[in-house]
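These numbers come from a predicted model, not from an experiment. What's counted below: heavy atoms across the whole structure, side chains too, no hydrogens, waters or symmetry copies.
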Amino acid sequence: MNLSGVLFFPVTPFDPDHGLAEEVLAEHIRRGLRHRPGAVFAACGTGEFPALSEAEHATAVRVAVETTAGQVPVFAGAGGPLGAALSQARAAREAGADGLLLMPPYLAKGPNEGFTAYVRAVAAILPVIIYQRDAVAPTPEQVVELARIPGVIGLKDGLGDIDLIQRTILAVRREIGEEFRFFNGLPTAELTMGAYRGIGVELYSSAVFAFAPEIATAFLNGADHLLTEFYEPLVRLRSKVPGYAVSLVKAGVRLGGLDAGPVRPPLVDASPEHVAELKALIEHGRSLAGAS
């Protein structure tokens, strides 16, 4: 599966009755596709995966597949309790998704062989990218073992431990080969892409692409001055409140004219003053992107 460029993680819009707003999601994805992302990752972290029912998750993935219409690969979030992860995987396969981003299991933490069995069960349904974050922090040797599971195609790093991910890449390249893919999955990943590119990781998820794809695309094309003028101030704003890695993205989508609705608990919506800061930052970033 060929993945390249910026990876698009759409938000999951909600309507005034708190249901999933299908047409808003479809329009959100259509707008992103105009900027040619490398893939669409539906109902994942930015899409409030933990707050979706299984039916809502299935709907979000179906809308993503129908809207992309084969233009780019579509991955769906899956994870949590094994039964839920399997159900999500089957629904994603039925919708026509190309693969899964496997989130960490919640609460339960067993030995390595338990997590390996968890991954094996889900990867039997659709190709899997493992999301390394929180309690999921395998050693390089464990990643090699996971990479040998049929259907496991990549690892997305949300830990930011450069020493660990470098050793993991070296081990996998030595034992498995170049076909296994690595992704930078840190929040506002553009800020750390210099470090990740230095160890051979080119793929990354861009939260900014969801609300300002022209800025994300300009950065991909070499507008490094955006790091100082846009991304670093965005990270400072994001760090003010827990959960803003999602809440600010949804606020940005609303600022772009799409009523994506609020975030769901336990997240909270960005405050009016922080939304005003975000608006000014987006306007500045767009002016810089246009001048690049």
Side-chain angles (χ1 to χ4, degrees), residues 1-3 7 9 38-39 41 43-46 49-50 73 75-90 92-93 97-187 189 192-205 245:
M1 189 182 303
N2 184 30
L3 293 174
L7 305 179
F9 284 66
F41 284 70
C44 293
T46 305
F49 166 79
F75 284 75
L82 179 59
L86 294 174
S87 178
Q88 292 152 357
R90 293 186 189 105
R93 180 179 61 187
D98 298 281
L100 304 167
L101 177 61
L102 188 59
M103 310 290 187
Y106 300 127
L107 296 180
K109 181 172 174 55
N112 180 56
E113 56 265 31
F115 182 67
T116 300
Y118 178 89
V119 173
R120 190 184 304 277
V122 180
I125 299 173
L126 273 178
V128 159
I129 298 167
I130 297 168
Y131 198 174
Q132 172 177 272
R133 59 176 293 176
D134 301 327
V136 175
T139 66
E141 294 75 19
Q142 289 166 348
V143 175
V144 168
E145 181 182 354
L146 292 167
R148 288 196 170 108
I149 296 173
V152 176
I153 63 172
L155 180 78
K156 180 180 178 183
D157 179 42
L159 296 175
D161 184 333
I162 294 296
D163 176 84
L164 175 62
I165 192 65
Q166 175 69 95
R167 289 187 291 112
T168 298
I169 291 169
L170 293 173
V172 171
R173 294 286 178 260
R174 182 176 61 249
E175 301 293 335
I176 304 296
E178 297 291 329
E179 66 277 7
F180 192 83
R181 311 301 294 274
F182 290 92
F183 307 76
N184 176 359
L186 292 175
T192 54
M193 274 312 295
Y196 277 83
R197 286 194 177 108
I199 60 172
V201 178
E202 294 291 336
L203 291 168
Y204 62 98
S205 55

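- Minimum heavy-atom separation, Leu100 to Ala89: CD1-CB, 3.5 Å.
- Taking both residues in full, the closest heavy atoms of Ser205 and Gly185 are given as OG-CA, 3.8 Å, listed atom of the first, atom of the second, then distance.
- Partners of Phe180 by ring-ring contact (aromatic ring centres under 6.0 Å, His included), not counting sequence neighbours, listed by chain and number: Phe182.
- In this structure, the side chain of Thr192 does not engage the main chain of Ala195 through any donor-acceptor pair within 3.5 Å.
- Rounding to the nearest 0.5 Å places CD of Gln132 at 9.0 Å from CD1 of Ile130.
- Two residues are said to be in side-chain contact when any heavy atoms from C-beta on lie closer than 4.5 Å; Tyr118 and Pro105 meet this criterion.
- Between the side chain of Asp163 and the backbone N or O of Gln166 there is no donor-acceptor pair closer than 3.5 Å.
- Looking at every heavy atom in both residues, Ala78 comes nearest to Ala85 through CB-O, 4.2 Å.
- Residues that satisfy the ring-ring contact (aromatic ring centres under 6.0 Å, His included) test with Phe9, not counting sequence neighbours, are Phe41.
- Interatomic distance, CZ of Arg167 versus CD1 of Ile199, reported as 11.5 Å (0.5 Å rounding).
- Listed for the Asp134 side chain is no donor-acceptor partner under 3.5 Å among the backbone atoms of Val136.
- Leu3 approaches Leu203 most closely through the heavy-atom pair O-CD2, 3.7 Å.
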Worked verdict on Tyr196 versus Leu186 for side chain to side chain contact (heavy atoms under 4.5 Å, CB included): CA-CA 11 Å; Tyr196 277 83; Leu186 292 175; 3.7 Å; yes
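- The distance from the CG atom of Leu7 to the CZ atom of Phe183 is 6.5 Å, given to the nearest 0.5 Å.
- Nearest heavy-atom pair, Glu175 versus Arg148, reported as atom, atom and distance to 0.1 Å: OE1-NH2, 3.5 Å.
- The closest side-chain heavy-atom distance from Arg181 to Ile153 is not below 4.5 Å.
- Ile149 CD1 to Thr116 OG1: the interatomic distance, rounded to the nearest 0.5 Å, is 5.5 Å.
- Remark: Lys156 qualifies as a cation-pi partner of Tyr131 under the 6.0 Å distance and 45° angle criteria applied to the six-membered ring.
- Taking the side chain as every heavy atom from C-beta outward, Val172 and Pro140 never approach each other to under 4.5 Å.
- Using a 4.5 Å heavy-atom threshold, the side chains of Leu159 and Ile165 count as separate.
- Residues Phe49 and Gln88 form a side-chain contact, since some pair of their non-hydrogen atoms from C-beta on lies under 4.5 Å apart.
- Minimum interatomic distance between Val201 and Asn184 (heavy atoms only, all atoms of both residues): CG1-N, 3.7 Å.
- By the salt bridge (Lys or Arg N to Asp or Glu O under 4.0 Å) test, Arg90 pairs with no residue at all, sequence neighbours left out.
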